[in-house]
Enquirer: 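I'd like to ask you about the structure that follows.
Each chain gets a letter, A, B and so on, in the order the sequences are listed, and its residues count up from 1.
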Amino acid sequence: MNLQQDKVTDIKTAIRTHIKDGCHLSIGGFTINRNPMAAVYEIIRSKIRNIHLYAHSNGQGVDELIGGGCVSRLEIAYGGSGKFAPTCIRFRKAVQENSIEVEDYTNYQMTLRFLAGAMGVPFLPTRSSLGTDIVNRWGFPKEMRQTEPDIPDEKLVIMENPFQGWHDVGKVVLVPAIRPDVTIIHVQKADRRGNCRINGLAFADVEQAKAAKHVIVTCETLCDNEELKTDSEQNQIPFIHVDAVVHIPKGAYPTACYRHYDYDPKYLKNYALKARNDEEYVTYMETFIHGCRDHADLIAMIGSEQMAIISADSVTGYAKDLDRR
Amino acid sequence: MNLQQDKVTDIKTAIRTHIKDGCHLSIGGFTINRNPMAAVYEIIRSKIRNIHLYAHSNGQGVDELIGGGCVSRLEIAYGGSGKFAPTCIRFRKAVQENSIEVEDYTNYQMTLRFLAGAMGVPFLPTRSSLGTDIVNRWGFPKEMRQTEPDIPDEKLVIMENPFQGWHDVGKVVLVPAIRPDVTIIHVQKADRRGNCRINGLAFADVEQAKAAKHVIVTCETLCDNEELKTDSEQNQIPFIHVDAVVHIPKGAYPTACYRHYDYDPKYLKNYALKARNDEEYVTYMETFIHGCRDHADLIAMIGSEQMAIISADSVTGYAKDLDRR
Amino acid sequence: MSDELEMDYTLREMMTIMAAREIKNGDIVFCGTGISMLAAMAAKNINAPESVIFFETGAMDSKLEEIPLAVADPRVMYHTSANGGLLDSFAAMQNPVTGRRVIGILGAAQIDMFGNLNSTVIGDYHSPEIRFSGSGGGCDVASFVPRSIIFMQHEKRKFVNKLDYLTSPGYLDGPRGREMAGLPQGGPVAVITDMGVMGFDDETKEMYLAGFYPGVSPQDILAKMEFSVDISRAGQAVPPTMEELELLRERCDSQRLILG
Amino acid sequence: MSDELEMDYTLREMMTIMAAREIKNGDIVFCGTGISMLAAMAAKNINAPESVIFFETGAMDSKLEEIPLAVADPRVMYHTSANGGLLDSFAAMQNPVTGRRVIGILGAAQIDMFGNLNSTVIGDYHSPEIRFSGSGGGCDVASFVPRSIIFMQHEKRKFVNKLDYLTSPGYLDGPRGREMAGLPQGGPVAVITDMGVMGFDDETKEMYLAGFYPGVSPQDILAKMEFSVDISRAGQAVPPTMEELELLRERCDSQRLILG
């Protein structure tokens, strides 16, 4: 956190300042929507290594970070990018090849874990996953957990309801809080201090941001500090949680950003194709990531014609009749 | 809950249908803001008795329900109405005269208890109140709790952090969920199905509503079902939680409703004066509650001049330069 | 029979309509990506106009003028009753007041005779032969809600004696399984495959064959499963009507993004 | 001294300014109703323009063009960085990242030598002589945040050996009190009364007299307390400057709603 009036910086500075080898990171968005892709690509370009990554169902961003060789450990509920990759392809490869360690939770559990971090409590309860292998199989073995202070000693704890069956509940699963070193989210509007306004679904971005020690916000529109102080019930994240604000139009591309642009089916299909083959994936990265100095470069490469095709309709907030086959 | 397309009804029907002697009730708002006063007055007129009432810092509504003789048990964090009554006057009298049973929690604990109800878990954890008498002194004795299925066996439970000091927490206080029979809230906008949009602060209205078995919504503006389906990130309560929608302009009067009207200092000062004396309080109730057929009657008695004085300024959302001495 | 051989509908259409018919007015429908979303849209457009479609991502009561390709597709955000987040959606399902009205639609890589699902790995958890997407909200939904429908491909390696990983609870090990584990009452009511529809016995909670599609025999179905199920209650499933097919094709997936 | 006898400020003004001076740029100020709100406004307008005012009701960074008469006053909702709810505010205080920047301002009916507060009852809990409002957010704030300021009237029945009810934790029973109870580090840094300012010893966590107002002696103060405190460190408090008074009167409470 940081209470300055002006936290605006560029993405390279924000990443260099906050994202270190081995850091614990969470990124916002869900599958093919509002992933902070400009930041993800900058992390890949910066060759950050051994990230401990937390995700519920962040799809494209997680897959590219794994593909870029940035991730060594992953706590996750779902690795998929909708129809374009029902299972994220580089994620699948990395797990099958044992090049990353993975621990599985459910979407709700991961969300509760961020919420617990945001609330400053060590755990939160749920009834989800009782009787399943999510309880039984631990991705990180007990011995390892005990030697690493940044990982809780238990994956989760099953507890009898201490209020004797209150509200017809016998047992609950307690899931441990996550407090990432850094959370990165991409939002529609932010002001220079870091107040954030998200349109459409918030997913778990708010909890992810509030749980983190440091927050980087990238935004479509950078607002004057006065502008977001009206109708501020629409601001989901107040500036006290935020460390850096970066103005990056199309910062979620190739994933969608509601009311601004849709996901790009052409990019995502090409990505899925390339991701299946290691060599082609290197070419993909050389072209689309390392071949670009920054996100504006990538957007220029994609071209204004394609960007116009995916631009959002003002009524529905997505690109109507977009060819998504 | 109720999935009908049109839940609009009148307040007498809503109260008669849902509020029974002995029911467990929570009402929205905070101290002198957005209390569902039209509903409170209708409950008093209907002479409902022995309500088990849940409140965090609901001030005016709680005090009038107690003054009206409707309440026998109260779980509460704070009984005050700001400068007008730093301690709610009929509440204080009732506690000192032992005419109601009270159990004390903190504001956050009460909010967490509603949230637990909303989430369908038997409890939630906090670090608040460790070492205090909120932990030690129970309003409802253990024996009584065990004979009453609607009250948890424990006021709260202190537990060692089962994740061995994870996030530097040694102990937590678990507070039990509340699931009221009915929650009543007053909002700025609702549609006929019950989607709700609150302006300004939401307090704990959302958690109170989602925790309840039944929800009555009173609203300043009744919207067409299509209207609130745009920009619906601004709808805090979706219709699936709501049973009845009642259109009552000025329904929070004499408490405030942001962007519509301020609290009425004249009414609240007169109330505080009358509340200090039992006989005068009877006169107050005869004049302002039983003397009115409904809320529109009360608003007419207050008069358009006074209502104009407290009407909200379009920029600030309150009545600027209102005489509040 | 000639009408079977000259089917004027695809298997995916048949499966979608079979699932849609399980959805009733007044149901709140949780759906995931793909055919489950199409089934929810079909129910809403055909037989259960008063059902409510919602997504784990926080979208409640989406209009869905176009079919979403993911539960976070911006198409789920248009014309909703609320655009919240994951916490809102899962809390509504775990909440007994609202959760009891929810019907979940799930899919998986493996299923066992008690309707438990694996959507995580084939092989060893730590070095799997095949890794799938993982639970996502699947385990949450299967844990919380009273009824769910499961889509499966009918293959021997998918209807297995023992799951490689139990991601989402069905009836666990039988009639008292959920209760013993501490789960709320619930479990699958139907498994819809490319060959037929399976139900679960009220008493034993074991899978049985409820219906087979035209042109498929109960024996064909048994041959595609590692475990055996009761086929004595099975009848031929009623194919989609022309009206159902029209509404499905025109209103739900005119681009045939899911129908193929 | 003549300048003391001809005070051109009221006691409430003195108290407000004494509290305001405890607030620093970069503090997030939690305030309740009444004089504590005025102190926060005074700090923001005088000595800590970069402090942030927030309320348990969910208002973050309120502009406060007029003084609110309750923490739910619509005046706290105007021109904020976020209008949330109770969960947001208390979570921000319990959250160690943001909570460590919060300073709380509290009041009470009784205080003891370790800065523990009673705002619930005088007499027996079950049939009290006097019932007060109760904790509200007071216990939460006192539990969570690292620093708090307390406003009190200096009266013997208010500075007591033993509280009738311990509503909000100070240092509990001494230096290790909070740690043993399981609370985060924290506790009151100053008690501001109508006679002087009390601090808490770094080692013993016992209250001591830090400052007395012009015209008041340490002995006068001791006479108004059930328990005795160290007065050896006390000096005369610096009265409000003309600039402080002007800003307080003009920008913070021009209607004198709280100043009287």
Enquirer: Heavy atom to heavy atom, less than 4.5 Å: which residues from residues 134-144 of chain C reach chain A?
Expert: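 C:Gly134, C:Ser135, C:Gly136, C:Gly137, C:Cys139, C:Asp140, C:Ser143, C:Phe144 fall under the 4.5 Å cut-off.
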
Enquirer: Between the main-chain N or O of C:Arg131 and the side-chain N or O of A:Arg92, is there a donor-acceptor pair closer than 3.5 Å?
Expert: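 Yes, A:Arg92 side chain to C:Arg131 backbone: donor-acceptor pair under 3.5 Å.
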
Enquirer: Taking all non-hydrogen atoms of both residues, which atom of C:Leu69 and which atom of A:Phe84 are closest, and how far apart?
Expert: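 Distance-wise, the nearest heavy atoms are CD1-CZ, 4.0 Å.
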
Enquirer: For chain A, which of C:Asp173, C:Leu87, C:Leu172 has the most heavy-atom pairs under 4.5 Å?
Expert: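 Answer, by heavy-atom pair count under 4.5 Å with chain A: C:Leu87.
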
Enquirer: Any heavy-atom pair between the side chains of C:Tyr125 and A:Asp133 that's under 4.5 Å?
Expert: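 When only atoms from C-beta onward are counted, C:Tyr125 and A:Asp133 do not touch, as no gap falls below 4.5 Å.
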
Enquirer: Would you confirm whether A:Lys83, through its side chain, and C:Thr33, through its main-chain N or O, come within 3.5 Å as a donor-acceptor pair?
Expert: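 Not confirmed, A:Lys83 side chain does not pair with C:Thr33 backbone.
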
Enquirer: Look at the side chain of C:Ser133 and the backbone N and O of A:Thr87, then say whether any donor-acceptor pair between them is shorter than 3.5 Å.
Expert: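 Answer holds: no.
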
Enquirer: Any chance you could lay out the side chain to side chain contact (heavy atoms under 4.5 Å, CB included) test for A:Leu201 and C:Phe55, step after step, and finish with the verdict?
Expert: CA-CA 10 Å; A:Leu201 299 174; C:Phe55 295 94; 5.9 Å; no

Enquirer: Do C:Arg75 and A:Leu322 come close enough that some side-chain heavy atom pair is under 4.5 Å?
Expert: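 In short, these two side chains touch, coming nearer than 4.5 Å.
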
Enquirer: Check whether any side-chain heavy atom of C:Met77 sits under 4.5 Å from a side-chain heavy atom of A:Asn33, and report yes or no.
Expert: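 With C-beta onward as the side chain, the pair touches.
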
Enquirer: Is there side-chain contact between A:Arg324 and C:Glu66, with heavy atoms separated by less than 4.5 Å?
Expert: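 Sidechains of C:Glu66 and A:Arg324: in contact.
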
Enquirer: Which bit of C:Leu163 is near chain A, if near means a heavy-atom gap under 4.5 Å: side chain, backbone, both or neither?
Expert: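 Neither part; nothing is under 4.5 Å.
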
Enquirer: Under a 4.5 Å heavy-atom cutoff, which of A:Gly80, A:Gly200, A:Ala319, A:Pro265 has the most pairs with chain C?
Expert: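 If we count pairs closer than 4.5 Å to chain C, A:Gly200 comes out on top.
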
Enquirer: Under a 4.5 Å heavy-atom cutoff, which of C:Thr120, C:Asn116, C:Ile130 has the most pairs with chain A?
Expert: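 So the answer, after comparing C:Thr120, C:Asn116, C:Ile130, is C:Ile130.
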
Enquirer: What's the shortest heavy-atom distance between A:Tyr108 and C:Phe90, and which atoms?
Expert: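 Shortest heavy-atom separation between A:Tyr108 and C:Phe90 comes out as CD1-CB, 3.1 Å.
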
Enquirer: With chain C, which of A:Arg259, A:Lys320, A:Gln109, A:Lys93 has the greatest number of heavy-atom pairs at distances under 4.5 Å?
Expert: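 Among A:Arg259, A:Lys320, A:Gln109, A:Lys93, the one with the most close pairs to chain C is A:Lys320.
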
Enquirer: Between C:Thr167 and A:Ile134, what is the shortest heavy-atom contact and its length?
Expert: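 What the structure gives for the nearest pair is O-CD1, 3.7 Å.
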
Enquirer: Going by distance alone, is a donor N or O of one side chain under 3.5 Å from an acceptor N or O of the other, for C:Asp73 and A:Tyr263?
Expert: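 Yes, because at least one side-chain N or O of C:Asp73 sits under 3.5 Å from a partner of the opposite role on A:Tyr263.
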
Enquirer: I'd like to know if the side chain of C:Gln94 reaches the main chain of A:Thr126, judged simply by a donor and an acceptor atom lying under 3.5 Å from each other, with no hydrogens or angles considered.
Expert: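 No.
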
Enquirer: Partners of C:Phe227 by ring-ring contact (aromatic ring centres under 6.0 Å, His included), sequence neighbours excluded?
Expert: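 Listed in chain order: nothing, the list is empty.
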
Enquirer: Counting only heavy atoms closer than 4.5 Å, note whether C:Met180 contacts chain A via side chain, backbone, both or neither.
Expert: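 It is the backbone, since no side chain atom gets that close.
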
Enquirer: Using only heavy-atom distances, determine whether the side chains of C:Tyr165 and A:Asp104 contain a donor-acceptor pair under 3.5 Å.
Expert: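 No, because no side-chain N or O of C:Tyr165 sits under 3.5 Å from a partner of the opposite role on A:Asp104.
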
Enquirer: Heavy-atom pairs under 4.5 Å with chain A: which of C:Ala181, C:Gly182, C:Ala91 has the most?
Expert: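 Counting heavy-atom pairs under 4.5 Å, the top option is C:Ala181.
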
Enquirer: If you take all heavy atoms of A:Asp262 and C:Pro74, which pair is closest and at what distance?
Expert: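 Taking A:Asp262 first and C:Pro74 second, the nearest heavy atoms are OD1-CG, 3.4 Å.
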
Enquirer: Could you have a look at C:Gly84, C:Ala70, C:Gly58 and say which one has the most heavy-atom pairs with chain A under 4.5 angstrom?
Expert: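 Among the listed options, the one with the most contacts to chain A is C:Gly84.
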
Enquirer: When you compare the side chain of A:Phe30 with that of C:Val71, does any pair of heavy atoms fall below 4.5 Å?
Expert: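 Yes. Closest side-chain heavy atoms under 4.5 Å.
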
Enquirer: Please classify the contact of C:Asp124 with chain A as side chain, backbone, both or neither, using a heavy-atom distance under 4.5 Å.
Expert: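 Contact with chain A involves no heavy atom of C:Asp124 at all.
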
Enquirer: Please find the pair of heavy atoms, one from C:Leu166 and one from A:Thr132, that lie closest to each other, and give the distance.
Expert: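 So the minimum-distance heavy-atom pair works out to O-CB, 3.3 Å.
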
Enquirer: Give the member of A:Ile76, A:Asn107, A:Leu115 that has the highest number of heavy-atom pairs under 4.5 Å with chain C.
Expert: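 Option with the top pair count is A:Asn107.
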
Enquirer: Check each atom of C:Gln255 against the heavy atoms of chain A and say whether the ones under 4.5 Å are side chain, backbone, both or neither.
Expert: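 Its backbone and side chain both get close to chain A.
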
Enquirer: Side chain from CB out, backbone as N, CA, C, O: work out which of these in C:Val76 comes under 4.5 Å of a heavy atom of chain A, or both, or neither.
Expert: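 Side chain of C:Val76 only, per the 4.5 Å heavy-atom cut-off to chain A.
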
Enquirer: Within residues 158-170 of chain A, which positions have a heavy-atom distance to chain C below 4.5 Å?
Expert: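 Counting heavy atoms that sit under 4.5 Å from chain C, no residue of residues 158-170 of chain A is involved.
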
Enquirer: Going by ring-ring contact (aromatic ring centres under 6.0 Å, His included), name the residues that satisfy it together with A:His186, two or more places apart in sequence or in a different chain.
Expert: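 Residues passing ring-ring contact (aromatic ring centres under 6.0 Å, His included) with A:His186: none at all.
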
Enquirer: Identify which part of C:Glu179 has an atom lying under 4.5 Å from any heavy atom of chain A, answering side chain, backbone, both or neither.
Expert: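 Neither; nothing under 4.5 Å.
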
Enquirer: Between C:Thr80 and chain A, which part of the residue has a heavy atom less than 4.5 Å away: side chain, backbone, both or neither?
Expert: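 No part of it gets close to chain A.
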
Enquirer: Looking at A:Thr255, A:Asn199, A:Thr111, which one has more heavy-atom pairs under 4.5 Å with chain C than the rest?
Expert: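 The answer is A:Thr111.
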
Enquirer: So does A:Glu101 get a backbone contact from the side chain of C:His126, meaning a donor-acceptor N/O pair under 3.5 Å?
Expert: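 Not at all, since once roles are kept as given, no pair shorter than 3.5 Å links the two residues.
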
Enquirer: Taking the side chain as every heavy atom from C-beta outward, state whether C:Glu65 and A:Tyr318 have any pair of such atoms under 4.5 Å apart.
Expert: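 They are in side-chain contact.
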
Enquirer: Contact part of C:Pro184 toward chain A, heavy-atom cut-off under 4.5 Å: side chain, backbone, both or neither?
Expert: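 When you check distances to chain A, atoms from both the backbone and side chain of C:Pro184 fall under 4.5 Å.
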
Enquirer: Between A:Ser129, A:Ala256, A:Ala85, A:Gly59, who has the most heavy-atom pairs with chain C when the cutoff is under 4.5 Å?
Expert: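 That would be A:Ser129.
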
Enquirer: Looking at A:Gly139, A:Gly317, A:Ala204, A:Ser57, which makes the most heavy-atom pairs under 4.5 Å with chain C?
Expert: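 That would be A:Gly139.
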
